[in-house]
Amino acid sequence: MPPLRLRPFLAAATTTVLLLVATVLLAGATEADAGKSLASAFLDPHNAARRAVGVGPLRWDERLAAYARRYAAAQSRRGDCALVHSSGPYGENLFWGSGTGRPGNAVQDWAAEGVDYDYAANACATGRECGHYTQIVWRATTSVGCARVVCDDGGVFMTCNYYPPGNVVGQRPY
């Protein structure tokens with residue numbers, strides 16, 4: 001048994017350790033909840049765009065989300081927020097925004113390119129981009145995983161990765 005004078009110290013130390021463990025456990029639960037809502041924040045607008053053209057829903061893929069998180073969290077992305085593709089094995093959409101930059105903002109921006117996609121010609125309007133949109137609605141793509149990181153300059157970098165990748169030359173998205 002510890003000497004009488006050490007008992008208050010040990011009691012305080014034990015209380016501190018228990019509080020630390022409780023904080024870590026609660027933080028893990030909060031992160032899991034936040035991860036779940038983050039997944040929905042990305043997935044719901046993706047599936048709304050797909051529904052609009054009669055394509056089945058995507059499912060959230062944690063493997064793709066982990067890939068996206070690793071890439072988004074890399075010092076080079078956080079440091080400059082540059083829209084540089086990972087050159088990985090997946091389809092990929094990138095977004096940069098200022099301020100709070102929510103997942104729905106990124107997906108809405110990508111989906112808005114749909115007005116510049118000409119289905120009959122299977123091409124984007126001259127001088128316009130629509131590849132982000134066609135990746136979202138690519139019929140053969142079945143899963144998505146995304147990440148969001150606040151950059152050192154206060155901007156927000158987001159990336160979504162898709163499997164299988166879309167935008168295959170000569171094929172229509174749907």
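Excluded from the calculations below are hydrogen atoms, water molecules and symmetry mates; all remaining heavy atoms, backbone and side chain alike, are included. Throughout, residue positions are numbered sequentially from 1 according to the sequence presented.
- Scanning for salt bridge (Lys or Arg N to Asp or Glu O under 4.0 Å) contacts around R63 gives D61, with sequence neighbours left out.
- Two different hydrophobic clusters hold L64 and V149 under the rule that ILVMFWY side chains link at heavy-atom gaps under 4.5 Å.
- Interatomic distance, D118 CG to R128 CZ, rounded to the nearest 0.5 Å: 14.0 Å.
- A side-chain donor-acceptor contact under 3.5 Å links R172 to the backbone of Y119.
- In this structure, the side chain of R50 engages the main chain of I136 through a donor-acceptor pair within 3.5 Å.
- Contact of the W138 side chain with the P173 side chain is registered, since non-hydrogen atoms from C-beta on lie closer than 4.5 Å.
- Using bins of under 30°, 30° to 60° and over 60° for the plane-to-plane angle, the ring pair Y133/Y117 lands in the tilted bin.
- In this structure, T159 OG1 and L83 CG are separated by 9.5 Å, a value rounded to the nearest 0.5 Å.
- Here the side chain of N93 pairs a donor or acceptor atom with the backbone of H132 at under 3.5 angstrom.
- Here the CG atom belonging to L38 is positioned 9.0 Å from the CE atom belonging to M158, to the nearest 0.5 angstrom.
- A distance-only check finds a donor-acceptor pair linking the side chain of N47 to the backbone of L58 [under 3.5 Å].
- How far CG of L94 is from OG of S86: 7.5 Å, rounded to the nearest 0.5 Å.
- To the nearest 0.5 Å, atom CH2 of residue W60 and atom SG of residue C146 are 4.5 Å apart.
- Under a hydrophobic-cluster definition in which Ile, Leu, Val, Met, Phe, Trp and Tyr are linked whenever side-chain heavy atoms come within less than 4.5 Å, directly or via other members, Y174 and W110 are assigned to the same cluster.
- In this structure, T134 OG1 and D116 CG are separated by 11.5 Å, a value rounded to the nearest 0.5 Å.
- In this structure, the side chains of Y71 and V84 come closer than 4.5 Å at one or more pairs of heavy atoms.
- In this structure the side chain of F42 never reaches within 4.5 angstrom of the side chain of V144, judged on heavy atoms.
- Between C160 and H46 the shortest side-chain heavy-atom distance falls below 4.5 Å.
- With hydrogens and angles ignored, the 3.5 Å screen pairs no side-chain donor or acceptor of R102 with any backbone N or O of A41.
- The shortest distance between side-chain heavy atoms of E62 and R69 falls below 4.5 Å.
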